[in-house]
Q: 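Pasting in a structure now, in structure tokens, and then I'll have a few things to ask.
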Number of protein chains: 2
Amino acid sequence: MDRKEVETSSSRGHQREKQREQLILAAESRIANSGVASLRARDLAGDIGVALGSIYNLVADLDELILIVGSRTLARLDAALGEAAAAHDASKRDGAIERLIAIAHRYRAFASEHRFLWRALFEFQLAEGREVPDWVSADLKHIFRNIVEPLGTLMPRAQPEQRALMAHTLFCAVHGVVSLGLQGKMVAVPAEIVDTEVERLLRLTCAGLLQEG
Amino acid sequence: MDRKEVETSSSRGHQREKQREQLILAAESRIANSGVASLRARDLAGDIGVALGSIYNLVADLDELILIVGSRTLARLDAALGEAAAAHDASKRDGAIERLIAIAHRYRAFASEHRFLWRALFEFQLAEGREVPDWVSADLKHIFRNIVEPLGTLMPRAQPEQRALMAHTLFCAVHGVVSLGLQGKMVAVPAEIVDTEVERLLRLTCAGLLQEG
DNA sequence: GCGGGCTATGAACGATGTTCAAAATAAGAC
DNA sequence: GTCTTATTTTGAACATCGTTCATAGCCCGC
């Protein structure tokens, strides 16, 4: 409790925190290169030059590590989409539509560039009983802001909840096209075709919205 | 090679085929109840009253078993969607739209009813290097027919490839809404809300299509 | 009944995530 | 500086997996 103890524990804690960050970076690198399914505790221990058991002094288990990497991926995705959104003025009709398309294209590009990290966001299944951490909802709400804003222009009479629901629908729809298209689960679709698909989908939907008045 | 040998091998083969079917049913039951991730070779051996090693006389490995169960799921999905499609006349504009919505609603219902079997279709990742079997593409093409047909009414001037691409886009979009909505990955959405979302999405898209002429 | 090919068996192997008793290390007291 | 104590690091051990394979048993035609 005295000064020396506080200093001590903070210095130790600092060392520990450095190792923890090394571990997170190693995990991120391995996931990015080989996919989340091939993440191995023994590999990570070797990566950061530590014994196998020490991994469990730095994180509770591998699931926590995957969640942390996921939060970093979500943050990068948020930054990328925000950048794409900023390029268009959502207060004008055409700008609003172009922003939605730009976000969708950036989403597709992000999925292509960070294939394994992006897939890890959705492939990872929480162990039974564990709950999605709070930061997931928080980060997603932030991402959705970029979609809700142009919808204000395109759905001027709608209530905020209606716009929020539409933002959710559009995000999920674009995600579906990107996900099934790139993953090649049914048929592998080239990236350019996926881009034309999401653009077509958004233009048609926006046309329908504007027609409603 | 003579008759008796043929009879023999066919009777033995018959027994083998019966065990194989038992194994497939056991796997399907376990996946349906607990998800594909908790499928265990030892459990299956116990289910059909056979030694652990015998599993590998009936199928190459568990991946093959999961693929077989997947093909059965796809067949059921095809039947369900076909039934929903048959309820509407795709040659009239309103009927075409209603058919698309009915198919989407049936898709959502199928996903709800056969949660784990449906998720197994998409969660399962082929082991590195192995290819998607042919029946996947074949079954999917068949499913898509129910979507392409009403698009003929809604996109009268379009080329067949354009209609096929739009069918792909719509399927993926609806899948995205259903998948992310029901799975509760971001926010768990009640089934009824998911239904309203896909219906809204399809009505807006169809309105956009009709507006194009 | 009997001999030869096929099949079923479950012990064994190699991975894997996770735990834990013991060793090593660091901190504090004098 | 040295000793005691608390903390951390270690890697062997454990429990589960999928998968393999030598062996034992069985069924068939003869």
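Here the structure is a predicted model, which is why all the values come from computation and not from measurement.
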Q: What integer distance in Å separates B:L44:CG from D:dT19:C1'?
A: 14 Å

Q: Does a side-chain N or O of A:S54 approach OP1 or OP2 of D:dT9 to a distance below 4.0 Å, or not?
A: no

Q: Distance check: side-chain N/O of B:N57 vs OP1/OP2 of C:dT7, anything under 4.0 Å?
A: no

Q: In which ranges does DNA chain D form stems of 3 or more consecutive Watson-Crick or G-U pairs, distances under 3.5 Å?
A: C:1-30 with D:1-30

Q: Salt bridge or not for A:R163 and A:E149, using N-O below 4.0 Å?
A: no

Q: Would you please name every residue forming a salt bridge (Lys or Arg N to Asp or Glu O under 4.0 Å) with A:D61, sequence neighbours left out?
A: A:R130

Q: Report the residues that fulfil salt bridge (Lys or Arg N to Asp or Glu O under 4.0 Å) with B:E64, sequence neighbours left out, ordered by chain and then residue number.
A: B:R20

Q: Which residues in residues 23-34 of chain B have at least one heavy atom lying under 4.0 Å from any atom of DNA chain D?
A: none

Q: Which residues pass the salt bridge (Lys or Arg N to Asp or Glu O under 4.0 Å) test with B:E98, sequence neighbours left out?
A: B:R203

Q: Taking only residues two or more places apart in sequence, or in another chain, which ones meet B:V36 in a side-chain contact (heavy atoms from CB on, under 4.5 Å)?
A: B:I31, B:I66, B:A120, B:E123

Q: With a 3.5 Å cut-off and sequence neighbours excluded, list the donor-acceptor pairs that the side chains of residues 168-180 of chain A form with protein atoms.
A:
residue	atom	partner	partner atom	Å
A:H168	ND1	B:E197	OE1	3.4
A:H168	ND1	B:E197	OE2	2.7
A:T169	OG1	A:L165	O	2.9
A:T169	OG1	B:E197	OE2	2.6
A:H175	ND1	A:Y107	OH	2.8

Q: Restricting both atoms to N or O, compile the protein contacts to nucleotides 16-19 of chain C shorter than 3.5 Å, with distance only.
A:
residue	atom	partner	partner atom	Å
C:dT16	OP1	A:R40	NE	2.6
C:dT16	O5'	A:R40	NE	3.4
C:dG17	OP1	A:L39	O	3.1
C:dG17	OP2	A:A41	N	3.1
C:dG17	N7	A:R42	NH1	2.9
C:dG17	O6	A:R42	NH2	3.1
C:dT18	OP2	A:Y56	OH	2.9
C:dT18	OP2	A:L62	N	3.3

Q: Sequence neighbours left out, what passes side-chain contact (heavy atoms from CB on, under 4.5 Å) with A:Q159? Give chain and number order.
A: A:E161, A:Q162

Q: Just so I know, are the side chains of A:Q22 and A:D47 near enough to count as touching, which here means a heavy-atom distance under 4.5 Å?
A: no

Q: Tell me every residue that passes side chain to side chain donor-acceptor pair (under 3.5 Å) with B:E83, counting only those two or more places apart in sequence or in another chain.
A: none

Q: Give the rounded distance in Å between these two atoms: CZ of A:R20 and C1' of D:dT8.
A: 17 Å

Q: Would you indicate, yes or no, if C:dA8 has its OP1 or OP2 atom less than 4.0 angstrom from a side-chain nitrogen or oxygen of B:Q19?
A: yes

Q: Which whole-number value in Å describes the distance from B:I55 CD1 to D:dC17 P?
A: 14 Å

Q: Identify, with sequence neighbours excluded, every residue that meets side chain to side chain donor-acceptor pair (under 3.5 Å) alongside A:E113.
A: none

Q: Would you please name every residue forming a salt bridge (Lys or Arg N to Asp or Glu O under 4.0 Å) with B:D43, sequence neighbours left out?
A: B:R30

